[in-house]
Peer 1: 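I have a structure here, written as structure tokens, and I will follow up with some questions on it.
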Amino acid sequence: MKFATWNVNSLAVRLPQVLDWLAANPVDGLVLQETKLTDDKFPQADFEAAGWQVQFFGQKTYNGVALISRSPATDVVKNIPGFEDPQARVITGTVDGVRCIGAYFPNGQAPDSDKFVYKMAWLDALRSFVAAELQTHPNLLLMGDFNIAPDDRDVYDPVAWAGQIHCTPQERAHFQALIELPLCDTFRLFEQAPKSWSWWDYRNLAFRKNQGLRIDHILASAALQPRVKSCVIDRAPRKNERPSDHAPVWVELG
DNA sequence: ATGTCAGGGGGGCCCTGA
């Protein structure tokens, strides 16, 4: 089985690329972030025509998440129960016995901003939610755009980025707290090429210069970890015309 | 190089967010 995550930065723009990618990469489940669509605008019929089931949870202009799957997702939860939030950031469902949590973590903007305060509160709530989900669903994947580079080797210029958003000690402590639930960073279960990123800024020719961050992750529960066969960042869609700034990441389960 | 995108309001550019 394969499960994937992709921040598409507007599904209205990227729908053809997502359908092309799914055709070439027939995963069992795919979580999307930054769909930027209200639910009435979600292209449900386009996915269904291609043989996919969809669950979605969006809003106007910002955020928005979806869970695309071959088999229907069950026990779907939107956002974090008990955490009041006008922002649509989380969608959870069970696909073929795997609890899939797809999340668009807050960006945080800057460590001294209100948005960073929100990010910290959201991360606290997410950790509690994932801990509770693990109690009832031992086979669990937490996937998405974390907006956290967990380690200096996940940053193209760790000196320049030291203490900057995505790289602060507070954000990395939150990532570590998720690891201690426990969950494992599936990408690091395997030998990976150095300078492996999942996001490159649109500016500064960053993709051409391979200046990026690894901020999109797939974390697996302890029960699933022995079944993880590979974790791959697929850079190919970043070479498309009008690409998302993020690459999809997928994990294979045996 | 703050050098790019995307969405939206409101008009045909400018703002926010990333």
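All values below come from the heavy atoms of this structure, side chains included, with hydrogens, waters and symmetry mates left out. Just so it is clear, the model here is predicted, and its values are computed rather than measured.
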Peer 1: Figure out the CD1/P separation between I165(A) and dG17(B), and round it to whole Å.
Peer 2: 14 Å
Peer 1: Work out how far the C1' atom of dT16(B) is from that of dG10(B), and round it to whole angstrom.
Peer 2: 15 Å
Peer 1: Without decimals, in angstroms, what is the distance between D201(A) CG and dT2(B) C1'?
Peer 2: 9 Å
Peer 1: If you compare every side-chain N and O of R242(A) against the phosphate oxygens of dT4(B) (OP1, OP2), does one of them come in below 4.0 Å?
Peer 2: no
Peer 1: N107(A) CG to dC5(B) P: how many Å, rounded?
Peer 2: 18 Å
Peer 1: Report which part of the nucleic acid Y104(A) touches: base, sugar-phosphate, or nothing (heavy-atom distance under 4.0 Å, all strands).
Peer 2: sugar-phosphate
Peer 1: Mind checking N204(A) for me? I need base, sugar-phosphate or nothing, with any heavy atom below 4.0 Å counting as a touch.
Peer 2: base
Peer 1: Between atom CG in N63(A) and atom P in dT16(B), what is the gap in whole Å?
Peer 2: 17 Å
Peer 1: Taking the nucleotide of DNA chain B with the nearest heavy atom to each, does T61(A) or Q87(A) sit closer to the 5' end?
Peer 2: T61(A)
Peer 1: What nucleotide among dG17(B), dG7(B), dA18(B) has an atom nearest to a side-chain atom of Y62(A)?
Peer 2: dG17(B)
Peer 1: Would you check, one step at a time, whether the test side chain to side chain donor-acceptor pair (under 3.5 Å) holds for W197(A) with N210(A)?
Peer 2: CA-CA 8 Å; W197(A) 324 125; N210(A) 196 31; 3.3 Å; yes
Peer 1: With a cut-off of less than 4.0 Å, is there a side-chain N or O of K60(A) near OP1 or OP2 of dG8(B)?
Peer 2: no
Peer 1: Can you give the donor-acceptor pairs under 3.5 Å from side chains of residues 97-108 of chain A to other protein atoms, not counting sequence neighbours?
Peer 2:
| residue | atom | partner | partner atom | Å |
| --- | --- | --- | --- | --- |
| R99(A) | NE | E133(A) | OE1 | 2.6 |
| R99(A) | NH1 | D75(A) | O | 2.8 |
| R99(A) | NH1 | T94(A) | OG1 | 2.9 |
| R99(A) | NH2 | D75(A) | O | 3.1 |
| R99(A) | NH2 | E133(A) | OE1 | 3.2 |
| Y104(A) | OH | E34(A) | OE2 | 3.3 |
| N107(A) | OD1 | Q109(A) | N | 2.8 |

Peer 1: Regarding R70(A) and the six-membered ring of W52(A), is the cationic atom NZ or CZ under 6.0 Å from the ring centre and inside 45° of its axis?
Peer 2: yes
Peer 1: What is the distance, to the nearest angstrom, from the CD atom on Q164(A) to the P atom on dT2(B)?
Peer 2: 12 Å
Peer 1: Using the C1' atom as the reference point in each nucleotide, state the distance between dG12(B) and dG17(B) in Å, no decimals.
Peer 2: 22 Å
Peer 1: If I take atom CZ in residue R14(A) and atom C1' in nucleotide dT4(B), what distance separates them, rounded to the nearest angstrom?
Peer 2: 11 Å
Peer 1: When you measure from the side chain of S71(A) to the backbone of V95(A), do you find a donor-acceptor pair of N or O atoms at a distance under 3.5 Å?
Peer 2: no
Peer 1: Between C1' on dT16(B) and CD on Q59(A), what's the gap in Å once rounded to a whole number?
Peer 2: 14 Å
Peer 1: Kindly say if R203(A) contacts the phosphate of dA18(B), meaning a side-chain N or O under 4.0 Å from OP1 or OP2.
Peer 2: no
Peer 1: Nearest whole angstrom, please: distance from the C1' of dT4(B) to the OH of Y202(A).
Peer 2: 8 Å
Peer 1: How do A12(A) and D245(A) order along DNA chain B: which one's closest nucleotide is nearer the 5' end?
Peer 2: A12(A)
Peer 1: Determine all donor-acceptor pairs shorter than 3.5 Å in which one atom belongs to a side chain in residues 43-51 of chain A; sequence neighbours excluded.
Peer 2:
| residue | atom | partner | partner atom | Å |
| --- | --- | --- | --- | --- |
| Q44(A) | NE2 | E48(A) | OE2 | 2.9 |

